[in-house]
Amino acid sequence: MIPIPDRLVGALLGAGPGYMPERASSVAEGVDQVFGLLFWVSAFFLAVIVGLTIVFVIRYRARPSRPGPEASPDHSTRLEVIWTAIPLLLVFVIFAASTRVYLAMTETPPGAAPQRVQVTGKKWSWWFDHDAGKGSKELHVLLGRPVELVLASTDVIHSLYVPEFRLKQDAVPGRFTRMVFTPTRAGTYPVLCTEYCGTNHSTMTSIVVVHPDQASLDAWMQEGKGKEETLLQVGIRAFDEKGCSACHSVDGSPGVGPTFKGIWGKTHDLVGGGKAVVDENYVRESIVKPGAKVVAGFEDMMPPTPLDDREIQGIVEYLKSLKEGT
Amino acid sequence: MTGAPGTSAQAAVGESYLTHGRGIGSWLFSLDHKRIGIMYLALIAFSLFLGGVFAMVVRFHLWNPSGGLVSNDAYNKMFTLHGAVMIFLFVIPGIPSAMGNFVVPLMVGAKDVAFPRVNLLSFWLFVAGAVLFVATLVVGGIDTGWTLYPPYSLESSRGLGILLALTGVFLAGFSSILTGVNFIATIHRMRAPGQGWFDLPLFLWALYATGIIQIFATPVLGITVALGFLERVFHLGIFMPEYGGDPVLFQHFFWFYSHPAVYIMILPAMGIVSEVVAVFSRKPIFGYRFIAMSSIAIAVIGFLVWGHHMFVSGQSRWANVIFSFLTLLVAIPSAIKTFNWLATLYKGHIVLKTPMLYVLSFFAIFGVGGLTGLFLGALATDIPLHDTYFVVAHFHFVMVGAVMIAFLSGLFYWWPKMTGRMYDERLGVASAVLVFLGFNVTFIPQFLAGTQGMPRRYATYAEQFVGMNRVSTVGAVLLAAGLLVALWAFVASLRSGARAPANPWGGATLEWATTSPPPHDNFAVAPRGTRPYDYRGLRQEPGQAGWVPVGGEGAR
Amino acid sequence: MSDHAGGHAATGTPEQRFLAHHFRDMDAQLQTSKLGIWLFLGSEVLFFSGLFVAYGVYRANHYALFHYAHHFLDWRMGALNTVVLVSSSLSAAWSVRCAQLGDRRGLRLTLLLTLLLAGTFLVVKYFEYSHKLHAGITWGAGCRPSPEILATLPASVQALPVPRDLGTFFSIYYLMTGLHGIHVLVGMGLYLWLIGRATRGDFGPGYYVPVDAVALYWHLVDMIWIFLFPLLYLI
Ligand code: HEA
Ligand code: HEA
Ligand code: CUA
Ligand SMILES: [Cu+2]
């Protein structure tokens, strides 16, 4: 059923370069097609509304030559059915087309393993920790390689918006959100904040650089590399200094707490029923509110440990490395 | 029981609710729904003016990309106060509290609303709320956006302002609940003998549906702002992450009210459109039952779509998909209404008086506003459009272009009944034309800016948008001019307007069966229900005498 | 206020004394008022529902915490209050009956009884609150239970460390019971007012709208407690 609206939309180019910002991500095409569909549906109905209004007003307006209203029915079930059914039908088409694109927008794109970037919003700037261990105020990605952003905020809600990618995602304090896409056009595009966050909300901007090839990306990654600690290093340091190692092993050997070896992405049964997948939000919770979800077979005895957002992100990176490592 | 008026003839020259009881006290503490309605109207017109002034500051500030008229912080306060005042003090109470209060009992042939004391209480709660908003201004205003999202809105650095605002919202909300209770009870129990459910004017069906929302959605806003207040004062850890709370929970609470609230705004507006379009087409409204039922449908489905404001908040994608579907669905009843109104014009005898002109512009503008709602209801397009000027344009099309224009239409339509005086038709027409033009010039460019990625709540913006913003500012000036002309028309009418006949437009609903202005007890003789859209029983008198029943009083 | 029927001169039929000018007859007035009250109560339910949702969300997210925390609440106190409120609801219902039957003495008695029971409820609640606050069990981040109170917990519970965000539970506890308490206070005010009018002999078979309305409100307050008690004290 889906292809039809697609072709239909392809025919009517309501949107696209020139009218909308250029398309620089894998999802932009689909979004613009849905926009086009909606655009033409709306244009049609607006034409109907305005057209009929004008015609009727001209033909039936009160004037000397016209004594009064002409006889006409005051209801018609047939008409009601028609003008309920047509919009209803269109609603289904719109919903199908739009939802299909949306699901694609939110699934990690196929192809190479995604480049992971930890994004931190704070009043009033963005910070990007690239997985190759480089932190920067700008986002650097590679043409054609899927990207997975994990967003966090240290103060209020912000929202990361790249018009050319047709993508937007809130960064909410106290939890992680994610955003995935594949850049399809090399170049430099603006990064905006679209959740109101105070005085400099309108200048909380940055840029995303889409590198044409691995070489130029690597070149950038090397610049001033190793100056500041990578997230992974932060994580490992936190793990040792904050005494996690007292209870958590990293080599699979049993301890007071579950070992970290390969737990990333696992699903655990919880005391009191329920399951939990070990992901960013779960790990944050386990550290900040250990009592909230207790892994079956363990006591709820982990002390809540004050780690800052960056250290938590570090631990997350560490857990990931402990999975990939094997 | 005091001052029972004589025949309507006497009443026309002598006693009316305006002259019944003199002195300021006889107004401020009046239990008369008509006087309460008038007091609401004054307050609400003032709120529109106030909110409009803030809007103008916003528009002028945005003349240059770098802002410059005021500081960023001042700008942020401007759009916040503009939004909050317009929403809580103008659109939400606008049509129900001002015009509803005046017309509802008249339309059911009753002497008053079901609970006059509650009505007065709700008015004073509203006043208190309004005062607190002004107080917020005095203590320096707030810059949270009208949506009051934590953590930003509840940061510990904030002073008194936010607390005053939250309390103000709470009181205004309480007032709104009481109004809803009053209307539903009145419509249920106080209908004139022989007035069945389907003899009700559609304005009453609309207010009935509105009442449902006011009663069952507003308390959730109440508890939300109450929690916000306590969170700010006692750090409960409900909404603020730093105390272990969940900011997204606030968004759910807020929109559970604030989406239905948009239907609190539009349903009464649609009610006015239904009245005016029939009267000025001189023929029965088309598809009465469908229009009536679609109001109820909107009210009910409207409770299930709040999540469409949170598509990028991190809520689960399947929740998003469901909310998206329901949102698109809620458009259908509006579609039904739109087409029935158009069909009413067909073969009618269309009289292009001011109220009708406003309604005709409503059709086009509400069409655009609603249809662009579909862009936002569809997930794929909402992701890029969310929190851009596309949304700003969308809701101004529905709230200004549809609701405010219907408000003006209703005001011109019932003005003779309320004041007993006609307004100058030329001024009325001028205002309608100016408002229509100004409106489109103001907000069409914002759709373009939005689609090209200009975010909202920006005190400064990228060079590329400067053209659109300047056009928009020019349009805003036109729009303001149009509204001032309307204001002028009303003031002039009060000072030197011709006496209004009982039934200047030839309406068949009961409010036209009594004198203009009505006597204190509304009707000299308690009326029986009539067919609200059957105009055959009326004949136009020459000159200013308006319309009278064919064959004298008896026929009605 | 020139325009509502008569004052409360204790003479004349109920119609003359209490029929507002805009109603056709006493029955219309009674039916309308009832509808109004029901609508208002519907609104009240949604007002509380906000807190119940918050409770649900936080319970789901902090299962262990909520399970731990409820040990601090003394179910005996809660149960006692439940009994008190339920019986007050009974006497409230009874008062309506008395009014309908024109039993003035019975009416005054039952109204008074309802008022007293409501008072008892608040007294008990007062002891619960003050006891907790003394033991350092406050809301939000400030919640630090004292060793004494910890010692009173069941051994199995004492073994566990005190959850850091215990306050989240008690924030919700104080919110829900507090809001409910405010409603009880309002109810007491209303019953005082009713007692006043009853002694003046306003109510009888011909006119008992206020008694009826306030009783309906009181039943709602009771109902809400019936939900709060198990949610907070028992599970
Ligand atoms: C009067 C107020 C009002 C009204 C009536 C509406 C009506 C609608 N609104 Fe709007 N909306 C607002 C006021 C209103 N809105 C406000 C204030 C905001 C922003 C709040 C903020 O963030 O500050 C907002 C934001 C908003 C959003 C969130 C955008 C975002 O922040 O990302 C969405 C998303 O779904 C939405 C959708 C809709 C829809 C689908 C309708 C529908 O009800 C429209 C139905 C009408 C029609 C569809 C037109 C008539 C029908 C036809 C001509 C026939 C053809 C129809 C079909 C083919 C289906 N609105
Ligand atoms: C009903 C609600 C309503 C109304 C009527 C308006 C009216 C207007 N609004 Fe606004 N607006 C909102 C609701 C409304 N708005 C909301 C909710 C927001 C979001 C706030 C936020 O982000 O938090 C917003 C935000 C908003 C913005 C975006 C700010 C930003 O995001 O940075 C802009 C920018 O142009 C704007 C402009 C205008 C303009 C030019 C008008 C003009 O139409 C104003 C015209 C009116 C006047 C100039 C006053 C003249 C009046 C009289 C003379 C009295 C006449 C009296 C009688 C006739 C009885 N509004
Ligand atoms: Cu950050 Cu807006
Ligand atoms: Cu909405």
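What's counted below: heavy atoms across the whole structure, side chains too, no hydrogens, waters or symmetry copies. This structure is a prediction, so every number in the text was calculated from the model and none was measured. Below, chain A is the first sequence line, B the second, and so on; all start at residue 1.
Ring to ring, Phe375(B) and Phe447(B) are not that close: their centroids are 6.0 angstrom or more apart. You'll find the ring centres of Phe362(B) and Tyr358(B) outside the 6.0 Å limit.
Your options are Ser159(A), Cys193(A), Ser153(A), and the one with the most heavy-atom pairs under 4.5 Å with chain B is Cys193(A). Options Val351(B), Val321(B), Leu360(B) differ in how many heavy-atom pairs under 4.5 Å they form with chain A, and the most are formed by Val321(B). When Leu192(A), Leu52(A), Val50(A), Thr99(A) are compared by the number of non-hydrogen pairs under 4.5 Å with chain B, Leu192(A) comes out ahead. For the set Pro151(B), Gly145(B), Gly314(B), Ser281(B), the count of heavy-atom pairs under 4.5 angstrom toward chain A peaks at Pro151(B). Most heavy-atom pairs under 4.5 Å with chain A: of the set Phe286(B), Tyr533(B), Phe363(B), this distinction falls to Phe286(B). Heavy-atom pairs under 4.5 Å with chain B were tallied for Ile49(A), Ile94(A), Leu167(A), Val101(A); the largest tally goes to Ile49(A). Contact count against chain B (heavy-atom pairs under 4.5 Å) is highest for Ser72(A) among Ala171(A), Ala104(A), Ser72(A), Ala28(A). Taking chain B as the reference chain and counting heavy-atom pairs below 4.5 Å, the highest number among Pro163(A), Ala62(A), Gly174(A) is found for Ala62(A). No other option in Ser313(B), Gly377(B), Gly370(B) has as many heavy-atom pairs under 4.5 Å with chain A as Ser313(B).
The only option from Arg457(B), Lys77(B), Arg158(B) that meets the side-chain hydrogen bond (donor to acceptor under 3.5 Å, both in side chains) definition with Asp143(B) turns out to be Arg158(B). Among the candidates Thr147(B), Asn76(B), Thr144(B), the single residue satisfying the side-chain hydrogen bond (donor to acceptor under 3.5 Å, both in side chains) test with Tyr196(A) is Asn76(B). For the ring pair (Phe, Tyr, Trp, His ring centres under 6.0 Å) criterion with Phe239(B), the lone passing option out of Phe250(B), Tyr149(B), Phe254(B) is Phe250(B). Of the residues Arg166(A), Arg23(A), Arg185(A), the one that meets the salt bridge (Lys or Arg N to Asp or Glu O under 4.0 Å) test with Glu29(A) is Arg23(A).
Heavy-atom distances place both the backbone and the side chain of Glu195(A) under 4.5 Å from chain B. Proximity to chain B is limited to the side chain of Arg175(A), based on heavy atoms less than 4.5 angstrom apart. At a 4.5 Å heavy-atom cutoff, the contact between Leu79(A) and chain B is made by side-chain atoms alone. Phe366(B) does not touch chain A: none of its heavy atoms, backbone or side chain, sits under 4.5 Å away. Contact of Asn340(B) with chain A is made through backbone and side chain together, with heavy-atom distances under 4.5 Å. Heavy-atom distances place both the backbone and the side chain of Val31(A) under 4.5 Å from chain B. For Glu107(A), the parts lying near chain B are the backbone and the side chain together; criterion is any non-hydrogen pair under 4.5 Å. Looking at Phe95(A), the atoms closer than 4.5 Å to chain B (heavy atoms on both sides) sit in the backbone and in the side chain alike. Proximity to chain A (any heavy atom under 4.5 Å) is restricted, for Ile285(B), to the backbone atoms N, CA, C and O. Of the two parts of Pro190(A), neither the backbone nor the side chain holds a non-hydrogen atom closer than 4.5 Å to a non-hydrogen atom of chain B. The contact between Thr338(B) and chain A is made entirely by side chain atoms (from C-beta outward), counting heavy-atom distances below 4.5 Å. Proximity to chain A is limited to the side chain of Gln251(B), based on heavy atoms less than 4.5 angstrom apart. Of the two parts of Pro241(B), only the side chain, counted from C-beta on, holds a non-hydrogen atom closer than 4.5 Å to a non-hydrogen atom of chain A. For a residue to count as touching a neighbouring chain, one of its non-hydrogen atoms must lie under 4.5 Å from one of that chain's; by this rule Val57(A) touches chain B with backbone and side chain alike. Contacts between Thr177(A) and chain B at a heavy-atom distance below 4.5 Å involve the side chain alone, from C-beta outward. With a 4.5 angstrom heavy-atom cutoff, Ala335(B) touches chain A only via side-chain atoms. Heavy atoms of Leu352(B) lying under 4.5 Å from chain A belong exclusively to its side chain. Of the atoms belonging to Ser76(A), heavy atoms from both backbone and side chain fall under 4.5 Å from chain B. Heavy atoms of Thr106(A) lying under 4.5 Å from chain B belong to its backbone as well as its side chain. Using a 4.5 Å cut-off between heavy atoms, Glu155(B) contacts chain A through its side chain alone, with no backbone atom that close. Looking at Leu342(B), the atoms closer than 4.5 Å to chain A (heavy atoms on both sides) sit in the backbone and in the side chain alike. In this structure, the portion of Ala71(A) lying under 4.5 Å from any heavy atom of chain B is its backbone and not its side chain. With a 4.5 angstrom heavy-atom cutoff, Pro150(B) touches chain A only via backbone atoms.
Taking the ring centre of Phe198(B) as origin, the terminal cationic atom of Arg289(B) falls inside the region bounded by 6.0 Å and 45° from the ring axis. Judged by a 6.0 Å distance limit and a 45° cone about the ring axis, Arg66(A) is not positioned over the six-membered ring of Tyr60(A). Stacking of Arg282(B) on the aromatic ring of Tyr535(B) is recorded, both the 6.0 Å distance cut-off and the 45° axial limit being met.
Counted within 6.0 Å of CZ on Arg317(B), heavy atoms from surrounding residues, nucleotides or ligands total more than 12; the atom is thus considered enclosed. By the neighbour-count criterion of 12 heavy atoms within 6.0 Å, atom CZ of Arg63(A) is densely surrounded, having more than that number from other residues, nucleotides or ligands. Under a cut-off of 6.0 angstrom, the local environment of NE2 in His349(B) is crowded, with over 12 non-hydrogen atoms contributed by other residues, nucleotides or ligands.
Screening residues 359-386 of chain B for side-chain hydrogen bond (donor to acceptor under 3.5 Å, both in side chains) gives Thr372(B)-His394(B) as the qualifying pairs, with residues at least two apart or on separate chains. Residue pairs that meet the salt bridge (charged side-chain N to carboxylate O under 4.0 Å, His left out) test with at least one member in residues 327-353 of chain B, sequence neighbours left out, do not exist here.
Relative orientation of the Phe390(B) and Phe35(A) rings is perpendicular, given thresholds of 30° and 60° on the angle between their planes. Between Phe325(B) and Phe92(A), the ring planes are tilted. Angles from 30° to 60° get that label. Relative ring orientation between Phe339(B) and Phe45(A) is described as tilted, the plane-to-plane angle lying within the 30° to 60° band.
Gly198(A) and Tyr152(B) make their closest contact through CA-OH, 3.1 Å (heavy atoms, listed as atom of the first residue, atom of the second, distance).
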